[in-house]
Amino acid sequence: MFQNTLAAELANRAGSRVEVATDNNLIDGILSTVTPELVLVIEISSGYGNTKVYISLAAINFVRFPVAAA
């Protein structure tokens, strides 16, 4: 039940910078796509490219939308 609410809220924020925490990882990047079961975050690195990270909604512990420093 809560998963549907989370998916709807995340879908409204597609394109935003996001931090997603799971039991084992903290993923920092741009929220790209949200489905009823998965979230796609594009990790932006200072290296040679970007990494696509697919996260199951059931595996998410918390989501944070950091505010850019002024």
Side-chain angles (χ1 to χ4, degrees):
M1 180 177 166
F2 178 72
Q3 216 168 321
N4 295 335
T5 304
L6 177 60
E9 181 61 32
L10 292 176
N12 288 333
R13 294 176 177 250
S16 301
R17 184 163 173 243
V18 68
E19 292 177 356
V20 179
T22 65
D23 287 345
N24 301 320
N25 295 311
L26 178 64
I27 299 101
D28 183 16
I30 304 298
L31 180 61
S32 176
T33 307
V34 180
T35 71
E37 298 175 4
L38 292 172
V39 173
L40 171 60
V41 176
I42 309 294
E43 283 188 307
I44 307 299
S45 65
S46 58
Y48 289 104
N50 304 327
T51 304
K52 294 179 182 178
V53 180
Y54 292 91
I55 309 160
S56 168
L57 278 172
I60 294 174
N61 291 336
F62 74 83
V63 177
R64 186 173 95 105
F65 296 95
V67 179

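Please read all numbers here as calculations on a predicted model, not as lab measurements.
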Passes side chain to side chain contact (heavy atoms under 4.5 Å, CB included), D28 versus R17? Steps please. CA-CA 8 Å; D28 183 16; R17 184 163 173 243; 3.0 Å; yes
Using side chain to side chain contact (heavy atoms under 4.5 Å, CB included), reason through L26 and E19 one step at a time and then give a plain yes or no. CA-CA 7 Å; L26 178 64; E19 292 177 356; 4.2 Å; yes
Distance, nearest 0.5 Å, that separates CD of E43 from CG of N25: 8.5 Å
Please test V39 against L10 for side chain to side chain contact (heavy atoms under 4.5 Å, CB included), starting from the C-alpha separation and ending with a verdict. CA-CA 8 Å; V39 173; L10 292 176; 3.9 Å; yes
Would a 4.5 Å heavy-atom cut-off, applied to side chains only, mark I55 and I27 as touching? yes
Using side-chain heavy atoms (C-beta onward) and a distance below 4.5 Å, is V18 in contact with V41? yes
According to a hydrophobic-cluster definition based on side-chain heavy atoms being under 4.5 Å apart (Ile, Leu, Val, Met, Phe, Trp, Tyr only), do F62 and L31 belong together? no
Apply side chain to side chain contact (heavy atoms under 4.5 Å, CB included) to N61 and D23, showing your working. CA-CA 7 Å; N61 291 336; D23 287 345; 3.0 Å; yes
Is the shortest heavy-atom distance from the side chain of L38 to the side chain of L57 under 4.5 Å? no
So do the side chains of L40 and K52 get within less than 4.5 Å of each other, counting heavy atoms only? yes
Geometric cation-pi criterion R13 and F65, 6.0 Å radius, 45° cone: yes
Mind listing the closest non-hydrogen atom pair of P36 and A7 along with its distance? CA-CB, 4.5 Å
When every non-hydrogen atom of S32 is compared with those of A14, the smallest separation belongs to O-CB, 3.9 Å
For E37, look at atom CD and say whether over 12 heavy atoms of other residues, nucleotides or ligands are found less than 6.0 Å away. no
Count I, L, V, M, F, W, Y as connected when their side-chain heavy atoms are under 4.5 Å apart, and connections chain through other members. Are I30 and Y54 then in the same cluster? yes
